[in-house]
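Letters A, B, ... are given to chains in the order of the sequence lines, protein chains preceding strands, and every chain is numbered from 1. All values reported here derive from a predicted model rather than from experimental measurement.
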Amino acid sequence: MSVVTRFAPSPTGFLHIGGARTALFNYLYARRHGGRYLLRIEDTDKQRSTEEAIAAIQDGLAWLGLEGDAPPVFQSQNAERHAAVAEKLLAEGMAYRCYLSQEDLDAQREACRAEGRPVRIRSPWRDADPADAPADVKPVVRVKMPQTGETTIEDLVQGPVTIGHDQMDDFILLRGDGSPTYMLSVVVDDADMGVTHVVRGDDHLTNAFRQHHLYQACGWSPPAFAHIPLIHGPDGAKLSKRHGALGVDAYREMGYLPEALKNYLLRLGWAHGDDEVISEAQAIEWFDLPQVGRSAARFDFAKLENLNGHYMREADDDRLTDLTVERLGRDLAVDADAVRRLRAGMAGLKARANTLAYLAESARFYVERPRFPLENPKAAKLLQGDGAAIAREAGEALADIDDWSEEALEARLRAMAEDKGLGFGKVAQPLRAAITGSNASPGIFEVMAILGRDEVLARLTETPDHE
RNA sequence: GACCCCUUCGUCUAGUGGCCUAGGACAUCACCCUUUCACGGUGAAGACACGGGUUCGAGUCCCGUAGGGGUCGCCA
């Protein structure tokens, strides 16, 4: 039997980081086994589902390269099919109409809590004569769950998990208005889509028991389940808006590369020996569910950033240049010459950047001149005292140089430092501040060579004193 | 509260009874490299939650305790 997995988000917000990891694991598992990875939008809650959320989720998945192998299934479009299954269960006596009122339900739940019993609804309509049904109440349809014994699920990640049937109640299949609930819809859709492995967050673990029974009631064989631990914030609590519970679009905006985010997410809760940097091809070859850890992992931006730096250094210069131009272009005019400088300096730039955001800012001086007085305090300090004067002096010393190459520039500047009895750093640093507006940049000769004689001389000779 | 799950350095983890004097990575600190910042290199500090068993031998198996998480909707 060929493996079929699916990622089934409900479109009530952005694609969050936990969802992205769930999608990744589903994708990897399917690829690993030569199966199919599908996407289903669980939009049965019409109140909370939005078009924007659907678009955000699809954008996020596209960015990560985790789009499904087929066009997404929209769950709401299968409502009739879901209801038909419920009707069939009703006809077969596997389900029943329940006329309990909201007040009855509340009272039962309250009584359960008060007595320290598990909160379970026991409907008298399970065994009552339908003829006694009140005419003015729209009934819900509940499935008949077994009331004695227990069920064990062999979860691929969690291992065997057993729950007594006294812990489960007859959950709702069809609402009072006849619409199917999530519990019914997932089972029917998964069965119809031929899903063989349900890989999802472990907040669904208890649902698995309900769904497992529903499969059996329908006469279908249940899929294998794999409930992966949730991602927690730095404080160990469930990821919320306060932590990194951001949409993947936010990570994209912060300047992370999709391959870095995927590698990071993969290593969160899963490992292959001591390997840290894992290509997608290796991930597909190595990934397996039983090796996924059972405990929640905390999200660590520092490690993500380090990994991102690694991928940045490996990334193609043209790609990085495009990404940089896109960011800088938001508030700067980047002409063709500037793009050429950016491309020429990219190797030196990317070696020092851990995020695209930092890369773009550190590349700014290739597009526009620094604005004086410098805002960067460390850079400003380099131009205090005789710093600015040294920069201007260097401008003069370089004016008549014939060969504007890194080698010639270096020779001339080193000679100048020696003449003045200064360490080279004393000359190079003010120059760096004057030319780039920063105290940190790629090699200063490389920068000067790329910027060109006229531009460098202009920046140097126009450097104002700093207090 | 009930039920289920989890627990190795600050963080992510390796570890499937002897190869563990518990390994790697990020972060931290020191040194080296060096025109800056990064990269890189070397080194330091840093963990088996606790208590009982089982066993010749336990981070690895069992039980308990503590702590953490998840679920208990006509949401998904």
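- Applying the 4.0 Å criterion to OP1 and OP2 of A76(B), one finds that Thr12(A) has every side-chain N and O outside that range.
- Counting non-hydrogen atoms under 4.0 angstrom, Asp203(A) reaches the backbone sugars and phosphates but no base.
- Here, A49(B) and C56(B) have their C1' atoms 28 Å apart, quoted to the whole Å.
- Between the C1' atoms of C48(B) and C9(B), the separation comes to 10 Å (whole Å).
- For CD of Glu418(A), the number of neighbouring non-hydrogen atoms (other residues, nucleotides, ligands) closer than 6.0 Å is 12 at most.
- Ser438(A) comes within contact range of no nucleotide atom at all, as no heavy-atom separation falls under 4.0 Å.
- Summarising the local packing, CD of Glu375(A) is surrounded by 12 or fewer heavy atoms from other residues, nucleotides or ligands at distances under 6.0 Å.
- The gap from the C1' atom of U7(B) to that of C19(B) amounts to 26 Å, rounded to the nearest Å.
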Polar atoms only, N or O, under 3.5 Å: list the protein pairs with nucleotides 22-29 of chain B and their distances.
{"from": "G23(B)", "atom 1": "N2", "to": "Asp274(A)", "atom 2": "OD1", "distance (Å)": "2.9"}
{"from": "G24(B)", "atom 1": "N2", "to": "Arg267(A)", "atom 2": "NH2", "distance (Å)": "3.3"}
{"from": "G24(B)", "atom 1": "N2", "to": "Glu276(A)", "atom 2": "OE2", "distance (Å)": "2.9"}
{"from": "A25(B)", "atom 1": "O4'", "to": "Glu276(A)", "atom 2": "OE2", "distance (Å)": "3.2"}
{"from": "A25(B)", "atom 1": "N3", "to": "Lys303(A)", "atom 2": "NZ", "distance (Å)": "3.0"}
{"from": "C26(B)", "atom 1": "O3'", "to": "Asn306(A)", "atom 2": "ND2", "distance (Å)": "3.3"}
{"from": "C26(B)", "atom 1": "O2'", "to": "Lys303(A)", "atom 2": "N", "distance (Å)": "3.3"}

(request) Mind running salt bridge (charged side-chain N to carboxylate O under 4.0 Å, His left out) on Arg126(A) and Asp170(A) for me, showing each step along the way? (result) CA-CA 9 Å; Arg126(A) 175 175 171 125; Asp170(A) 296 340; 2.9 Å; yes

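- Comparing Cys112(A) and Asn439(A) along RNA chain B, the residue whose closest nucleotide (by nearest heavy atom) sits nearer the 5' end is Cys112(A).
- Atom CG in Leu261(A) sits about 15 Å away from atom C1' in C12(B), given to the nearest Å.
- Between the C1' atom of U34(B) and the CD atom of Glu410(A) lies a distance of 12 Å, rounded to the nearest Å.
- Across the strands present, C29(B) finds its partner in G43(B); the criterion is a Watson-Crick or G-U wobble pair with both atom distances under 3.5 angstrom.
- One interatomic measurement links the two molecules: CG of Asp155(A) to C1' of G70(B), which rounds to 13 Å at whole-angstrom precision.
- Atom NZ of Lys144(A) is surrounded by more than 12 heavy atoms from other residues, nucleotides or ligands within 6.0 Å.
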(message) What verdict does the ring pair (Phe, Tyr, Trp, His ring centres under 6.0 Å) test give for Tyr256(A) and Tyr311(A), after you've listed the backbone C-alpha separation in whole Å, the side-chain angles of each residue and the deciding distance to 0.1 Å?
(response) CA-CA 9 Å; Tyr256(A) 295 109; Tyr311(A) 280 97; over 10 Å; no

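- Contacts of Gly269(A) with the nucleic acid, taken as non-hydrogen atoms under 4.0 Å apart, involve only primed sugar atoms and P, OP1 or OP2.
- Screening Leu382(A), Thr436(A), Leu413(A) against Leu431(A) for a side chain to side chain contact (heavy atoms under 4.5 Å, CB included) leaves a single residue, Leu413(A).
- Across Leu61(A), Leu39(A), Ile54(A), Asp43(A), a single residue satisfies side chain to side chain contact (heavy atoms under 4.5 Å, CB included) together with Pro9(A), and that is Leu39(A).
- Nucleotide A66(B) has U7(B) as its partner under the Watson-Crick or G-U criteria, with both atom distances under 3.5 Å.
- Ring geometry for Tyr29(A) versus His197(A): interplanar angle of 30 to 60°, hence tilted.
- His227(A) comes within 4.0 angstrom of nothing in the nucleic acid, heavy atoms only.
- Glu150(A) places its CD atom 14 Å from the P atom of C3(B), with the value rounded to the nearest Å.
- To the nearest whole angstrom, the two P atoms, one in U42(B) and one in G24(B), are 11 Å apart.
- Rounding to whole angstrom units, NZ of residue Lys350(A) and C1' of C37(B) are separated by 17 Å.
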(request) Could you please spell out the steps behind the ring pair (Phe, Tyr, Trp, His ring centres under 6.0 Å) verdict for Tyr96(A) and Trp125(A)? (result) CA-CA 7 Å; Tyr96(A) 60 95; Trp125(A) 297 99; 9.1 Å; no

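- The Leu268(A) side chain lies nearest to C12(B) when the options are U7(B), A2(B), C12(B).
- Taking atom P on both U65(B) and C29(B), the two are 43 Å apart, rounded to the nearest angstrom.
- A47(B) and C6(B) are spaced 25 Å apart, taking the P atom of each and rounding to whole Å.
- At C39(B), none of the side-chain N or O atoms of Arg313(A) fall inside 4.0 Å of OP1 or OP2 (strictly under the cut-off).
- Looking at heavy atoms from C-beta onward, Met254(A) lies in side-chain contact with Tyr251(A) at the 4.5 angstrom threshold.
- Taking atom C1' in both C63(B) and U71(B), one finds a spacing of 26 Å when rounded to whole Å.
- The partner of U55(B) cannot be assigned: no Watson-Crick or G-U wobble pair with both contacts below 3.5 Å exists in any strand.
- Two residues are said to be in side-chain contact when any heavy atoms from C-beta on lie closer than 4.5 Å; Gln167(A) and Glu150(A) fail this criterion.
- Across the protein-nucleic acid pair, Asn308(A) atom CG and C12(B) atom C1' stand 17 Å apart, rounded to whole Å.
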Close N/O contacts between protein and nucleotides 72-74 of chain B (under 3.5 Å):
{"from": "C72(B)", "atom 1": "O2'", "to": "Val119(A)", "atom 2": "O", "distance (Å)": "3.0"}
{"from": "C72(B)", "atom 1": "O2'", "to": "Arg120(A)", "atom 2": "NH2", "distance (Å)": "2.4"}
{"from": "G73(B)", "atom 1": "OP2", "to": "Arg109(A)", "atom 2": "NH1", "distance (Å)": "3.1"}
{"from": "C74(B)", "atom 1": "O2", "to": "Gly176(A)", "atom 2": "N", "distance (Å)": "2.9"}

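- Of the C1' atoms belonging to U60(B) and U28(B), the separation is 30 Å, rounded to the nearest Å.
- The number of heavy-atom neighbours closer than 6.0 Å to CD of Glu154(A), taken from other residues, nucleotides and ligands shown, is above 12.
- Relative orientation of the Phe299(A) and Tyr264(A) rings is perpendicular, given thresholds of 30° and 60° on the angle between their planes.
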(request) Indicate for each nucleotide in nucleotides 61-69 of chain B, in 5' to 3' sequence, whether protein heavy atoms under 4.0 Å reach the base (B), only the sugar-phosphate (S), or nothing (-). (result) --------S

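- A straight line from CG of Leu266(A) to P of U13(B) spans 11 Å, rounded to a whole angstrom.
- At a threshold of 4.0 angstrom between heavy atoms, the contacts of Thr162(A) are confined to the sugar-phosphate backbone, with no base atom among them.
- For the pair Arg432(A) CZ and U34(B) C1', the computed distance is 11 Å after rounding to whole Å.
- Dense packing is recorded around CD of Glu115(A), with more than 12 heavy atoms of other residues, nucleotides or ligands lying under 6.0 Å away.
- Closest to the side chain of Ile163(A), from the set U35(B), U13(B), C4(B), is C4(B).
- Residue Leu205(A) places its side chain closer to C4(B) than to any other of A14(B), C4(B), A76(B).
- With a 4.5 Å cut-off on side-chain heavy atoms, His213(A) and Thr151(A) do not count as touching.
- At the heavy-atom level, Phe445(A) lies under 4.0 Å from base atoms of the strands shown.
- Pairing for G1(B) is with C72(B), a Watson-Crick or G-U wobble pair whose two hydrogen-bonding atom distances lie under 3.5 Å.
- With its glycosidic angle within 90° of 0, C39(B) adopts the syn conformation.
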